[in-house]
Amino acid sequence: VPASAYLFILVETSFYRSFRAFFDGIERGAPLSELDKAASDIDRDARQTLLKTAAWQVFVTVLALAASQTVIEGLNLDTGQPWIVRLLLIGATFQVISMCATLLLCYFDFQWEAMIAAGVLFIGNAGLTYFLDDVAPPGLGYALATALSSLTAVLLLQHRLANLVRDTYQGQPYGNE
């Protein structure tokens with residue numbers, strides 16, 4: 001929750017400013033050099049948003065991992081498999097990173113890429129959990145699926161932001177006015 005709250009603060013402040021500057025430049029017909037600079041600012045802010053959110057989540061996860069044994073014992077949840085809670089905490093970390101990158105994809109209306117990242121999580125979670133059942137510790141399928149989803153979402157975001165100016169102009173409807 002702390003990382004998600006921090007993510008939304010970043011998205012609605014520094015990231016939004018660079019996002020708005022880019023699209024305001026397009027609307028007023030800014031020169032290409034200015035649009036390239038604005039797109040570079042968006043890329044920088046997206047990277048910082050991902051890294052800062054990931055840092056918060058890693059911090060929270062490290063605290064949770066440190067307290068996990070005490071919490072497990074205190075709630076009488078000991079199943080004889082201490083890795084379950086740890087794998088789920090690690091998976092939750094990757095899921096927050098995946099959510100962050102997917103949110104940024106949605107912010108730019110990159111719906112197909114967001115759907116691919118979500119699909120990797122859905123199919124990966126179902127498939128890996130099923131195929132790793134009785135082979136690996138419970139929770140490993142989820143942790144791997146969220147890691148794959150995070151990687152997919154971050155790579156798709158990175159690819160789309162690298163081509164933001166070109167894709168923005170090529171995606172404009174023609175002849176509507």
Side-chain angles (χ1 to χ4, degrees), residues 1-16 18-19 41-162:
V1 173
S4 295
Y6 188 69
L7 164 65
F8 289 111
I9 290 168
L10 287 176
V11 165
E12 295 302 327
T13 55
S14 62
F15 179 79
Y16 178 77
S18 61
F19 177 88
D41 290 347
I42 288 175
D43 186 52
R44 180 201 64 229
D45 286 342
R47 287 174 195 269
Q48 286 179 353
T49 298
L50 279 167
L51 288 173
K52 288 177 179 180
T53 302
W56 264 107
Q57 185 59 37
V58 167
F59 174 73
V60 169
T61 301
V62 167
L63 290 177
L65 286 170
S68 65
Q69 191 59 39
T70 304
V71 171
I72 290 169
E73 290 169 1
L75 296 174
N76 292 323
L77 297 176
D78 194 6
T79 63
Q81 296 178 333
W83 284 101
I84 295 173
V85 171
R86 292 173 182 97
L87 286 171
L88 293 175
L89 286 169
I90 291 166
T93 298
F94 283 119
Q95 189 165 359
V96 167
I97 295 166
S98 179
M99 179 195 67
C100 177
T102 303
L103 175 72
L104 292 173
L105 286 166
C106 290
Y107 214 88
F108 288 102
D109 204 25
F110 298 146
Q111 296 169 354
W112 284 105
E113 290 82 355
M115 187 176 71
I116 289 168
V120 167
L121 178 59
F122 178 71
I123 293 168
N125 193 20
L128 289 169
T129 299
Y130 176 78
F131 288 114
L132 293 176
D133 189 34
D134 295 329
V135 177
L140 183 62
Y142 167 70
L144 290 174
T146 56
L148 286 172
S149 177
S150 293
L151 181 63
T152 301
V154 168
L155 290 175
L156 288 170
L157 179 64
Q158 185 179 27
H159 173 73
R160 288 305 300 261
L161 289 180

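Side-chain atoms of T102 and L157, non-hydrogen and from C-beta on, never get closer than 4.5 Å to each other. For the pair F8 and L103, the minimum side-chain heavy-atom distance is below 4.5 Å. In this structure the side chain of D45 reaches within 4.5 angstrom of the side chain of Q48, judged on heavy atoms. Contact of the F110 side chain with the L104 side chain is not registered, since no non-hydrogen atoms from C-beta on lie closer than 4.5 Å. Contact of the L10 side chain with the S14 side chain is registered, since non-hydrogen atoms from C-beta on lie closer than 4.5 Å. At a threshold of 4.5 Å between non-hydrogen side-chain atoms, the residues Q69 and R86 count as touching. When side chains are defined from C-beta on, C106 does not count as touching Q111, because their heavy atoms never get closer than 4.5 Å. Side chains of I42 and F108 form a contact here, defined as non-hydrogen atoms less than 4.5 Å apart.
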Report task. Kindly determine whether Q95 and Y142 satisfy side chain to side chain donor-acceptor pair (under 3.5 Å), including the steps that lead there. Result -> CA-CA 9 Å; Q95 189 165 359; Y142 167 70; 2.5 Å; yes

Report task. Give the C-alpha distance, both sets of side-chain angles, the deciding distance and a yes or no for side-chain contact (heavy atoms from CB on, under 4.5 Å) between L128 and L148. Result -> CA-CA 11 Å; L128 289 169; L148 286 172; 4.2 Å; yes

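The aromatic rings of Y107 and Y16 sit perpendicular, their planes meeting at an angle over 60°, well past the 30° parallel limit.
Scanning both residues, L50 and C100, for their nearest heavy atoms gives CD2-SG, 3.5 Å. Residues A145 and N125 come closest through the heavy atom pair CB-N, 3.2 Å. Listed here is the closest heavy atom pair of D43 and L161: OD1-CB, 3.7 Å. Nearest heavy-atom pair, E113 versus L156, reported as atom, atom and distance to 0.1 Å: O-CD1, 3.5 Å. In this structure, V60 and P2 approach most closely via the heavy-atom pair CG2-CG, 4.0 Å.
Under the 3.5 Å distance criterion, with hydrogens and angles disregarded, no donor-acceptor pair is assigned to the side chains of S98 and S150.
T146 contributes no side-chain N or O that, together with a main-chain N or O of F94, makes up a donor-acceptor pair within less than 3.5 Å. Looking at S18, its side chain does come within 3.5 Å of a backbone N or O of F15 through a donor-acceptor pair. Using modelled atom types, no side-chain atom of T152 and backbone atom of A117 make a donor-acceptor pair closer than 3.5 Å.
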